[in-house]
Amino acid sequence: MDLGIKGRRALVCASSKGLGHACAAALAAEGVHVTMTARGAEALAKAAAELRRLYPEVEIIEVAGDITTPEGRAAALAACPAPDILINNAGGPPPGDFRNWGRDDWIKALDANMLTPIELIKATVDGMVERHFGRIVNITSAAVKAPIDVLGLSNGARTGLTGFVAGLARKTVRHNVTINALLPGPFDTDRLRSVAAAQAKAAGVPVQQILRTRMAENPAGRFGDPAEFGQACAFLCGAKAGYITGQNLLMDGGAFPGTL
Ligand code: NAP
């Protein structure tokens, strides 16, 4: 299926690894020119070089920096000032007990998982409206649909973003600019594996045991493949997806038990 976005420009935040990287790769495969960001310059350069090798017909730009800072966002936007596609992503906040979190912890979580996407939308959405094409996808979390008790910072910050976007997405769709969220459940990325390693250490069991148990608990019997996530993201960015907006698409192998 040709998604009709060949030659478009995308800014894909936090994309040297994991889900962001899968989105960048899926868009590049569709002929989209991609600007990738991450803090670690070395891993980013490696990821960008690999996409250039696989998709020589598209332009791959890499911008090292922390997207949750004003400087990081300015650098990303300088490299890609008028994206047709914006994929908002950043690392998730740490787990913990809300009794131990102060204002600074909350501000940090809000900066990363709510205010950074809003700032980037603010910087790009009017241009999309003028050009009559825009696709914005926010990578949030299954925690938006079903809170995870130890991830209170994530539950709160990401739900704030979701509420804001719910309003704006209905304003921009008239101009063929859609805003949606992808809600990952367990996907096999570095983050999932580092959380599993910490759980294994705390429980004094091998990490493979934690991973096997988590996979068995999921209705699909496995973790999600980041490439599956990238494909869903590319679809939402497709030219023919202009009637899908303000939606929160859960990708969790069926783990959320609700009928709707
Ligand atoms: P990952 O495998 O750890 O990859 C994270 C990517 O984001 C890396 O490229 C990382 O590179 C970059 N990054 C992190 N913080 C950044 C920042 N401040 N500025 C720029 N780049 C940054 O993580 P993932 O599993 O893909 O997760 C992506 C998002 O989905 C996270 O918010 C996570 O909480 C959420 N999520 C993931 C899962 C899952 O199962 N994987 C489930 C639910 C929600 P650098 O470290 O070099 O910056």
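Atoms within a ligand are numbered from 1 in the order they appear, just like the ligands themselves.
The residue from Ser15, Cys233, Pro117, Cys23 that alone fulfils the side-chain contact (heavy atoms from CB on, under 4.5 Å) condition with Ile139 is Cys23.
Taken together through direct or relayed side-chain contacts under 4.5 Å among Ile, Leu, Val, Met, Phe, Trp and Tyr, Ile179 and Leu120 form part of one hydrophobic cluster.
Sorted by chain then number, the residues whose non-hydrogen atoms approach ligand 1 to under 4.0 Å are Ala14, Ser16, Lys17, Gly18, Leu19, Ala38, Arg39, Gly40, Gly65, Asp66, Ile67, Thr68, Asn89, Ala90, Gly91, Gly92, Ile139, Thr140, Ser141, Arg158, Pro184, Gly185, Pro186, Phe187, Thr189, Asp190, Arg191, Leu192.
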Derivation of the side chain to side chain contact (heavy atoms under 4.5 Å, CB included) call for Val63 and Thr35: CA-CA 7 Å; Val63 182; Thr35 299; 3.9 Å; yes
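Annotation: ring-ring contact (aromatic ring centres under 6.0 Å, His included) contacts involving residues 105-163, sequence neighbours excluded, comprise Trp101-Trp106. Pairs engaging residues 72-89 under the salt bridge (charged side-chain N to carboxylate O under 4.0 Å, His left out) rule: Arg8-Asp84, Asp84-Arg131 [sequence neighbours left out].
For Tyr55, there are no ring pair (Phe, Tyr, Trp, His ring centres under 6.0 Å) partners at least two apart in sequence or on another chain.
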